[in-house]
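Inspection log for the structure reproduced underneath, given as structure tokens.
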Amino acid sequence: MKKDTEPAGGLAAAADAAEAAAGLLPLDMLAAVADLVDPAVVAREMPWLAGELAKIALGRSDIAFDQRDQRFTDQAWRTIPYFRILGQSYRLFELWMNRMQVSVDGSWQAKARARFAADVITAALAPVNYLGTNPAALRKAAETGGMSLMRGAQNMLRDLARGGMPSTADREHFVVGQNLACTPGAVVYREEMFELLQYTPTTPRVRAVPLLMIPPQINRHYILDLSPGRSLAEFAVSQGIRVFMIVWRNPDTRLGHGAWGLDDYLAAEERANEVVKNIARSDQVNLLGLCAGGITLSYVLAHYAAIGDESAGSATFVVTMLTGEKANVVGMLDTSQARAMLEGAAAAAQIVPGNALRSLFAMLRPNDLVYNYLVSGWLMGESPAPFDVLAWNDDATRTTARFALESTKLAMDGWDGNGPVLLGVQTDFSKVSCDSYHVGGYTDHITAWRACYDTAHLVGGSDKEMTLVRSGHIQSVVYPPDSTRYDRWYGPSTPTDPDEWLATAAVEKGSWWRPWTEWLTARSGPERRAPATLGNRQYPPLGPAPGRYVYE
């Protein structure tokens with residue numbers, strides 16, 4: 001992104017923001033755009049496009065903004081001819097791009113890439129993104145005597161220094177260890193790949209079988225321990241569950257971490273499991289995996305089943321998909337070009353930068369997660385509102401190219417026989433025998449809920465429950481027990497067809513946290529007196545939670 005752009009945004013700044021973000025995506029954008037603008041379809045749609053443009057110029061167009069689009073709520077878009085013509089022309093462009101996108105033939109991957117390209121292009125070209133064509137920003141500049149532009153320029157320069165993407169979170173308001181990741185506990189084990197936290201019991205008696213939480217390897221662990229009252233770990237502890245948490249180390253090439261691959265992470269999870277059993281004096285451990293952590297959890301369970309290890313008491317999979325058979329983001333991004341780039345990076349033991357991953361996921365929803373903040377921060381001179389989820393999202397981590405490549409290959413290419421070869425052993429997901437609980441997000445744009453539902457049918461076990469929250473990827477996870485913001489469907493995942501299950505599932509408003517802890521408690525053994533200290537003689541506390549690795 002260029003640093004000599006006009007203050008508080010402007011055409012060049014917004015365009016470069018889109019280009020920089022799109023350039024980080026492992027996707028052949030040229031091929032997607034070529035599919036999008038098929039000459040035959042362009043010729044077919046041109047008479048309609050020209051006719052609508054003529055109506056706009058004459059003031060006779062009835063094209064209106066989508067009522068759900070918050071970008072064009074300012075009355076100037078309807079009452080001032082300059083902005084009305086500009087806005088209607090942009091809306092016409094959106095409609096035209098949509099017509100082009102729905103005309104794309106081919107696989108669901110090709111169609112999804114065309115839709116992605118259309119979303120990125122139309123989002124970048126929205127007139128609200130530029131100072132000269134945003135009536136609200138111009139009005140605020142006049143009302144504040146230009147102070148909003150000065151603040152916007154400061155915000156833009158700060159963001160450019162941090163990597164270029166507009167800030168989404170107030171970093172000053174949230175501090176890890178103080179009001180994020182602050183459930184009391186201790187580090188009871190530390191090694192090169194991870195720290196293991198044990199949380200302090202808050203009830204006089206606890207259940208015998210502990211719970212080990214496995215966060216994604218590509219994000220910070222504290223999405224599961226967000227802020228007080230919004231922490232799943234905190235809530236589970238309050239229900240008498242003994243909770244342990246893996247904190248993955250942020251890989252660093254300077255420390256030789258680039259060689260970490262899938263088997264390394266699986267072996268690390270199994271080591272964590274042994275430590276938890278030792279400290280809790282339990283032969284079994286209940287396990288929870290979130291997103292990528294759920295994927296590796298499923299692999300660990302399959303490996304356990306193959307070697308006869310029965311220590312898994314139950315498994316909870318949160319927004320976890322195992323294959324690319326259904327439409328999903330990973331499959332959309334997994335092009336031959338992207339695969340070749342990833343293979344080269346893995347061979348060189350390289351690490352994918354955290355900002356690249358953050359930009360990738362942000363550009364999947366460019367209006368909400370990129371340009372919304374460009375407008376408010378760079379054009380309007382506003383500071384982002386304090387929001388714990390966005391503060392977590394802004395705390396980007398790295399991942400090894402080898403882990404990303406091996407995980408992608410397993411998910412997208414499938415495997416021989418009944419399951420993948422893991423830690424040198426041929427596995428079979430159907431041999432997994434523990435009960436499982438599955439959580440999906442109805443509007444999840446990363447791990448599509450139907451793909452998450454399929455996970456329940458890939459892993460074995462006789463008792464499998466499914467909960468589907470009418471929300472997205474992260475809000476489905478952070479759904480405090482007393483909130484009734486979203487509906488949820490729930491019930492045994494008996495039908496193989498996810499839509500058949502949805503049609504017959506029970507539905508209610510409210511969180512899945514309390515029903516889940518009730519389900520988990522029933523699988524957590526008898527009560528014991530809560531331990532007075534954390535860890536044990538073999539694994540004494542090494543320091544307070546959240547430990548050291550979360551700050552790396």
Side-chain angles (χ1 to χ4, degrees), residues 173-190 194-207 209-216 219-250 272 275-276 279-280 285-291 293 316 318 386-393 395 397 439 474-483 511-514 516-518 520-521 524 528 530-536 539-552:
H173 189 83
F174 292 102
V175 179
V176 171
Q178 295 183 19
N179 53 4
L180 291 174
C182 56
T183 297
V187 178
V188 292
Y189 177 79
R190 179 183 292 122
F194 70 93
E195 290 179 323
L196 182 68
L197 308 182
Q198 181 183 9
Y199 292 107
T200 304
T202 58
T203 55
R205 301 186 67 80
V206 295
R207 292 289 170 172
V209 180
L211 171 68
L212 172 61
M213 291 185 167
I214 305 170
N219 294 115
R220 297 294 186 185
H221 81 280
Y222 61 88
I223 192 59
L224 291 166
D225 182 27
L226 198 55
S227 53
R230 289 165 55 79
S231 163
L232 181 59
E234 175 193 55
F235 180 72
V237 168
S238 75
Q239 303 303 298
I241 304 294
R242 287 191 289 176
V243 181
F244 293 77
M245 175 83 74
I246 289 176
V247 180
W248 297 113
R249 192 170 196 181
N250 202 4
V275 175
V276 171
I279 292 174
V285 177
N286 292 319
L287 300 156
L288 177 148
L290 168 62
C291 195
T316 299
V318 185
F387 188 26
D388 51 11
V389 167
L390 291 179
W392 165 83
N393 187 65
D395 192 2
T397 61
V439 180
I474 295 303
Q475 292 300 332
S476 296
V477 180
V478 185
Y479 194 8
D482 297 323
S483 175
S511 170
W512 58 273
W513 286 14
R514 200 175 303 278
W516 167 71
T517 53
E518 292 171 357
L520 185 65
T521 297
S524 298
R528 294 178 178 175
T533 59
L534 300 180
N536 60 15
Y539 300 106
L542 304 176
R548 294 201 311 235
Y549 287 176
V550 71
Y551 298 106
E552 293 185 353

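Values below: all heavy atoms of this structure, side chains included; hydrogens, waters and symmetry mates excluded.
Applying the salt bridge (Lys or Arg N to Asp or Glu O under 4.0 Å) definition to pairs two or more places apart or across chains, those involving residues 220-238 are Arg220-Asp395, Arg230-Asp388.
Remark: the backbone N or O of Tyr549 is paired with a side-chain donor or acceptor of Glu195 at under 3.5 angstrom. The backbone N or O of Pro228 lies less than 3.5 Å from no partner atom in the side chain of Ser231, so there is not a single donor-acceptor pair. Ser238 places a side-chain N or O within donor-acceptor distance of the main-chain N or O of Phe235, the cut-off being under 3.5 Å. Side-chain atoms of Thr397 never come within 3.5 Å of backbone atoms of Asn250 as a donor-acceptor pair (strictly under, hydrogens ignored).
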*Verify side-chain contact (heavy atoms from CB on, under 4.5 Å) between Trp248 and Ile214, making sure each step is shown before the conclusion.*
CA-CA 9 Å; Trp248 297 113; Ile214 305 170; 4.2 Å; yes
*Could you go step by step and tell me if Ile241 and Thr521 meet the side-chain contact (heavy atoms from CB on, under 4.5 Å) rule?*
CA-CA 7 Å; Ile241 304 294; Thr521 297; 3.8 Å; yes
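In this structure, the separation between CG on Leu212 and CD on Gln198 is 11.5 Å, given to the nearest 0.5 Å. We find the CD-CZ distance between Gln239 and Arg207 to be 11.0 Å, quoted to the nearest 0.5 Å. Distance CG/Leu520 to CG/Leu288: 8.5 Å, rounded to 0.5 Å.
Tyr222 approaches Ala391 most closely through the heavy-atom pair OH-O, 4.2 Å. A pairwise comparison of heavy atoms in Ala236 and Val243 identifies CB-CG2, 3.7 Å as the closest pair. Here the shortest heavy-atom pairing between Val176 and Tyr551 reads O-OH, 3.1 Å. In this structure, Pro201 and Ala530 approach most closely via the heavy-atom pair CB-CB, 4.0 Å. Leu232 and Trp513 make their closest contact through N-CH2, 3.4 Å (heavy atoms, listed as atom of the first residue, atom of the second, distance). Of all heavy-atom pairs spanning Cys291 and Pro216, the tightest one is CB-CG, 4.2 Å.
No side-chain heavy atom of Thr316 sits under 4.5 Å from any side-chain heavy atom of Leu211. Contact of the Leu290 side chain with the Pro215 side chain is not registered, since no non-hydrogen atoms from C-beta on lie closer than 4.5 Å. Inter-residue side-chain proximity for Trp392 and Leu180 is flagged as unmet; no heavy-atom pair is nearer than 4.5 Å. The shortest distance between side-chain heavy atoms of Val237 and Thr200 does not fall below 4.5 Å. Looking at heavy atoms from C-beta onward, Leu197 lies out of side-chain contact with Thr183 at the 4.5 angstrom threshold. The side-chain heavy atoms of Pro546 and Val247, taken from C-beta on, include no pair separated by under 4.5 Å. The shortest side-chain heavy-atom distance between Val318 and Trp516 does not fall under the 4.5 Å cut-off. At a threshold of 4.5 Å between non-hydrogen side-chain atoms, the residues Ile474 and Asn393 do not count as touching.
In this view, Phe244 satisfies the ring pair (Phe, Tyr, Trp, His ring centres under 6.0 Å) rule with no residue, not counting sequence neighbours. A search for side chain to side chain donor-acceptor pair (under 3.5 Å) contacts involving Tyr189 returns Glu191, not counting sequence neighbours. Shown here are the side chain to side chain donor-acceptor pair (under 3.5 Å) partners of Arg548, two or more places apart in sequence or in another chain: there are none. Partners of Arg249 by side chain to side chain donor-acceptor pair (under 3.5 Å), not counting sequence neighbours, listed by chain and number: Glu192, Glu552. Pro540 is linked by a side chain to side chain contact (heavy atoms under 4.5 Å, CB included) to nothing, counting only residues two or more places apart in sequence or in another chain.
Of the candidates Met245, Met213, Arg242, Met245 is the only one forming a side-chain contact (heavy atoms from CB on, under 4.5 Å) with Tyr199. Looking at Ser476, Ser483, Pro481 one by one, the single match for side-chain contact (heavy atoms from CB on, under 4.5 Å) with Tyr479 turns out to be Ser483.
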